[in-house]
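Heads up: the structure comes next, in structure tokens.
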2 protein chains.
Amino acid sequence: MQTVGFENHDHTVCVGVGMKAAEDVCAAQGLRLTKGRRRVLEILLQEHRAMGAYDILGMLSDEGFASQPPVVYRALDFLVANGFAHKIQKLNAYIACAHPGDSHTPVFLICRACETVAETAAPLQSTLGEAAEKIGFKIETTIVEAEGMCPRCRETETAV
Amino acid sequence: MQTVGFENHDHTVCVGVGMKAAEDVCAAQGLRLTKGRRRVLEILLQEHRAMGAYDILGMLSDEGFASQPPVVYRALDFLVANGFAHKIQKLNAYIACAHPGDSHTPVFLICRACETVAETAAPLQSTLGEAAEKIGFKIETTIVEAEGMCPRCRETETAV
DNA sequence: ATCGAAGCGTTATATTATATCAAGTCATCC
DNA sequence: GGATGACTTGATATAATATAACGCTTCGAT
Ligand SMILES: [Zn+2]
Ligand SMILES: [Zn+2]
Ligand SMILES: [Zn+2]
Ligand SMILES: [Zn+2]
């Protein structure tokens with residue numbers, strides 16, 4: 001599992017891999033990757049950045065989809081529930097999963113200057129789970145979001 | 001540093017300790033713990049739970065404070081910026097810091113059934129920081145929120 | 001073909017948060 | 001003591017994010 005987000009890369013591959021992974025998982029689990037859900041995932045993969053729900057909604061309605069919020073929130077709920085996308089709580093934004101197919105606890109690195117988001121992972125699940133279990137808390141999902149400065153913004157940084 | 005949130009405890013002590021810590025930090029750093037800021041922190045300490053901004057605003061306006069959103073958001077901004085309170089992103093809610101005075105990266109354990117929040121800590125700062133640094137990302141702040149079931153709700157749980 | 005579950009279109013509304021500008025407060029300097 | 005400037009507050013308005021509810025359609029299984 002590698003960190004995705006700051007390096008350059010062949011982007012059509014990202015989209016292809018992401019869509020394929022979603023299709024496979026849906027086929028295997030009997031989930032329906034309907035037109036709207038598919039298109040939202042494509043948008044997130046193509047843009048490769050955290051997008052607000054209303055940004056996506058704007059693109060959808062430009063393309064002839066209905067233009068009401070539930071259209072996009074329903075699609076996002078589906079994608080997030082099934083691990084094809086994640087919500088970045090800090091930004092109230094959504095991003096395609098960079099490690100589709102794998103079961104994982106994502107760690108997001110969020111640049112405070114440009115808001116670029118990279119998805120990586122850290123082996124904290126067990127550490128945290130054990131600590132929580134000691135006080136009787138059963139962890140089911142974990143959100144980890146780290147804010148700071150990405151490599152590019154650090155280069156061009158003037159003041160701290 | 002201990003986990004705070006699920007066990008029973010003498011609550012007047014929490015409030016006293018929290019207010020004292022805030023007063024000390026403000027005195028030391030030349031910050032102004034004004035009437036509204038003080039009252040919001042008191043409310044958060046007394047309630048000892050994650051509260052929505054508008055919940056707090058309702059209490060403030062009942063007490064004669066102005067009743068516009070900026071009143072409470074400004075106070076919360078101050079408290080969060082100075083470490084006296086934290087924002088729980090997952091809940092869009094705010095909670096008094098359980099470890100005031102210490103510099104720390106809090107870890108929140110959030111019960112999905114009752115929404116009780118406990119603040120604890122995990123030694124993941126260094127692990128995560130090193131991993132990020134390898135790709136040139138400089139972490140400044142980290143949000144960790146774990147959702148699951150608290151001890152009390154696990155006892156009374158019927159279905160999973 | 002019928003049935004039930006899941007999905008979608010649509011209207012309306014709820015919830016959370018910020019922009020802006022004028023006025024007040026406080027410490028400091030002279 | 002008055003001028004200064006930084007910070008704080010009051011107040012109006014609006015932005016941004018998200019959900020409720022209801023009826024219709026589509027899909028897949030029997
Ligand atoms: Zn992922
Ligand atoms: Zn950046
Ligand atoms: Zn804390
Ligand atoms: Zn609980």
Side-chain angles (χ1 to χ4, degrees), chain A residues 22 25-41 43-44 49-82 84-95 112 115 143 145, chain B residues 22 25-41 43-44 49-82 84-95 112 115 143 145:
Chain A
V25 171
C26 286
Q29 301 191 226
L31 301 169
R32 289 162 63 186
L33 190 58
T34 60
K35 197 176 153 191
R37 292 169 177 177
R38 168 179 287 273
R39 184 61 191 132
V40 170
L41 178 55
I43 288 173
L44 288 175
R49 62 189 172 91
M51 300 181 72
Y54 282 73
D55 294 339
I56 300 167
L57 182 58
M59 297 181 67
L60 288 178
S61 67
D62 287 348
E63 295 174 12
F65 286 84
S67 59
Q68 291 72 32
V71 169
V72 69
Y73 281 106
R74 284 166 179 165
L76 288 170
D77 286 349
F78 173 85
L79 296 174
V80 170
N82 294 289
F84 307 137
H86 301 291
K87 179 171 186 179
I88 309 297
Q89 300 281 348
K90 174 83 192 180
L91 302 176
N92 288 321
Y94 302 84
I95 193 166
R112 69 170 153 82
E115 294 200 340
I143 297 169
E145 298 182 3
Chain B
V25 170
C26 286
Q29 301 191 223
L31 301 169
R32 288 163 60 185
L33 190 59
T34 59
K35 195 176 155 194
R37 293 169 175 177
R38 167 180 288 275
R39 185 59 190 131
V40 171
L41 179 54
I43 288 172
L44 287 175
R49 61 189 172 94
M51 299 181 75
Y54 283 74
D55 294 339
I56 300 166
L57 182 58
M59 297 180 66
L60 289 178
S61 69
D62 288 348
E63 295 173 13
F65 285 84
S67 60
Q68 292 72 29
V71 170
V72 68
Y73 281 106
R74 283 167 177 161
L76 288 170
D77 286 349
F78 172 86
L79 296 175
V80 170
N82 294 291
F84 308 138
H86 302 290
K87 178 171 185 179
I88 309 297
Q89 300 282 348
K90 173 84 191 181
L91 301 176
N92 290 321
Y94 302 83
I95 193 165
R112 69 171 155 82
E115 293 199 342
I143 298 169
E145 299 180 2

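The sequence lines fix the lettering, A, B, ..., with proteins before strands; numbering per chain opens at 1.
- Distance alone, capped at 3.5 Å, places no donor-acceptor pair between the A:R39 side chain and the A:L60 backbone.
- When distances run from any side-chain atom of A:R37 to the nucleotides C:dG7, D:dT12, D:dT9, the shortest one goes to C:dG7.
- Contact annotation: side chain of A:R74 to base of C:dG9, donor-acceptor pair present below 3.5 Å.
- When the P atom of C:dC8 is taken as reference, atom CZ of A:F78 falls 9 Å away, rounded to whole Å.
- Protein atom CZ of B:R32 is 13 Å distant from nucleotide atom C1' of C:dT28, rounded to whole Å.
- Put simply, B:N92 has a side-chain N or O that comes within less than 4.0 Å of OP1 or OP2 on C:dA17.
- Distance check, rounded to the nearest 0.5 Å: CG of B:L44 to CG of B:L79 gives 7.0 Å.
- Both B:P69 and B:G36 sit near DNA chain D, but only B:G36 has its closest nucleotide nearer the 5' end.
- Not one side-chain nitrogen or oxygen of A:Y54 sits closer than 4.0 Å to the OP1 or OP2 atom of D:dT17.
- What separates CD of B:Q68 from P of C:dA19 is a distance of 17 Å, to the nearest Å.
- For B:K35 and D:dG10, the shortest distance from a side-chain N or O to OP1 or OP2 is not below 4.0 Å.
- Out of D:dA18, D:dT19, D:dA11, the shortest distance to the side chain of A:P70 is found at D:dT19.
- A perpendicular orientation is assigned to the rings of A:Y54 and A:Y73, their planes being inclined by more than 60° (bins at 30° and 60°).
- When the C1' atom of C:dA6 is taken as reference, atom CG of A:L33 falls 15 Å away, rounded to whole Å.
- Atom CG of A:L41 and atom CZ of A:F78 lie 9.5 Å apart (nearest 0.5 Å).
- Here C:dT16 presents its P atom at 10 Å from NZ of B:K87, a figure rounded to the nearest Å.
- Protein atom CG of B:L60 is 14 Å distant from nucleotide atom C1' of D:dG10, rounded to whole Å.
- Separating the CZ atom of B:F65 from the C1' atom of D:dG10 is a distance of 13 Å, rounded to the nearest angstrom.
- Of the side-chain N and O atoms in A:Y73, none sit less than 4.0 angstrom from OP1 or OP2 of D:dA16.
- Among the atoms of the strands shown, only primed sugar atoms or phosphate atoms (P, OP1, OP2) are found under 4.0 Å from some heavy atom of A:Y94.
- Taking every side-chain heavy atom of A:A66 into account, C:dG9 is the closest of C:dG9, D:dT12, C:dA17.
- Side-chain contact check for B:I143 versus A:Q89: every heavy-atom pair is 4.5 Å or farther apart.
- One interatomic measurement links the two molecules: CD1 of B:I56 to C1' of C:dT16, which rounds to 12 Å at whole-angstrom precision.
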